[in-house]
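Excluded from the calculations below are hydrogen atoms, water molecules and symmetry mates; all remaining heavy atoms, backbone and side chain alike, are included.
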Amino acid sequence: MDFFSVFVTLFLIMDPFGNLPVIISLLKDYDKKKRIEIITKELVISLFIIFIFIFFGKSLMHLLGLREESISIAGGIILFLIAIKMIFPSSEPMFGAQNEPFIVPIAIPMIAGPSLLATLLLFSTNYDLKIVISAAFAAWVASAAIILFFIQLSKYIPYKFFSAMEKLMGMILIALAVQMLLEGISKYLHIQG
């Protein structure tokens with residue numbers, strides 16, 4: 001695969017347009033400056049995780065005794081819990097006492113999700129590492145630019161829209177969570193059988 005093919009594949013898996021409504025609804029209670037600060041931090045963390053997986057993913061998984069299906073199941077559980085909270089909001093902060101997302105769910109599994117990490121593992125072992133590194137960075141830059149651009153525009157969209165989108169995205173996240181769980185379980189059963 002050439003640079004463009006790897007870039008397009010990784011960009012589509014990162015799915016910045018699909019993640020936008022969820023990210024915006026997660027950050028709806030913050031002012032513009034704080035939203036930019038949080039999303040910038042999450043984007044940098046996701047880039048760090050992407051490069052860790054490119055260079056050390058296989059070794060790290062082998063060292064910890066983890067398999068791809070374990071990551072898929074864990075990601076599905078996390079997404080499911082977040083989705084339930086989005087559909088049935090409570091007065092409890094979603095992200096702990098400080099009510100600020102940190103790593104989960106924006107950096108992982110939204111930007112650097114199990115599918116992306118598994119694809120990076122596959123690409124880094126089968127293709128020229130320089131192409132994988134440059135394509136992954138370019139896909140991350142494109143995704144980051146899209147997310148930051150729309151975060152800037154989010155204040156012009158009425159709150160009710162985000163409230164409705166949050167519930168809708170919660171339903172979609174539940175479907176994605178179940179899909180991730182089923183894929184992980186299916187892979188596990190296939191290996192065991």
Practice problem: Rounded to the nearest 0.5 Å, what's the gap from CD1 on Ile131 to CZ on Phe7? Could you check? | Solution: 14.5 Å
Quiz item: What's the spacing between Ile13 CD1 and Leu120 CG if we round to 0.5 Å?
Solution: 8.0 Å
Self-check item: Trace of the side-chain contact (heavy atoms from CB on, under 4.5 Å) decision for Ile84 with Ile174
Solution: CA-CA 8 Å; Ile84 291 294; Ile174 284 180; 3.8 Å; yes
Self-check item: Closest contact, heavy atoms only, Ala136 versus Ile50
Solution: CB-CG2, 4.0 Å
Quiz item: If two hydrophobic side chains count as joined below 4.5 Å and joins carry through other members, does Val44 share a cluster with Ile54?
Solution: no
Exercise. Might you work through the side-chain contact (heavy atoms from CB on, under 4.5 Å) test for Phe51 and Phe137, ending with a clear yes or no?
Key: CA-CA 9 Å; Phe51 280 118; Phe137 183 70; 4.1 Å; yes
Exercise. Go through Ser143 and Ile146 one step at a time and tell me if the side-chain contact (heavy atoms from CB on, under 4.5 Å) criterion holds.
Key: CA-CA 5 Å; Ser143 296; Ile146 289 166; 5.9 Å; no
Quiz prompt | Within-4.5 Å side-chain heavy-atom neighbours: Phe55 and Leu129 | solution = yes
Quiz item: Within the distance-only criterion (no hydrogens, no angle test), does the side chain of Trp140 pair as donor or acceptor with the backbone N or O of Leu43 below 3.5 angstrom?
Solution: yes
Quiz prompt | Approximate separation, where rounding is to 0.5 Å, of Ile111 CD1 and Ile147 CD1 | solution = 4.5 Å
Quiz item: Which atoms form the tightest heavy-atom contact between Leu148 and Ile36, and what is the distance?
Solution: CD2-CD1, 4.3 Å
Practice problem: Give the intermediate values and the outcome of side-chain contact (heavy atoms from CB on, under 4.5 Å) for residues Ile45 and Glu42. | Solution: CA-CA 5 Å; Ile45 290 169; Glu42 295 297 306; 4.3 Å; yes
Quiz prompt | Cluster check Leu181, Leu189: I/L/V/M/F/W/Y, side chain < 4.5 angstrom | solution = yes
Quiz item: What class does the angle between the rings of Tyr127 and Phe123 fall in, given that below 30° is parallel, 30 to 60° is tilted and above 60° is perpendicular?
Solution: perpendicular
Quiz item: What distance do Leu10 atom CG and Leu116 atom CG have between them, rounded to the nearest 0.5 Å?
Solution: 6.0 Å
Exercise. Working to the nearest 0.5 Å, report the span between CG of Leu26 and CD1 of Ile38.
Key: 10.0 Å
Quiz prompt | Interatomic distance, Leu121 atom CG to Phe56 atom CZ [nearest 0.5 angstrom] | solution = 13.0 Å
Quiz item: Where is the tightest heavy-atom contact between Ala139 and Phe11, given as atom of each residue plus distance?
Solution: CB-N, 3.7 Å
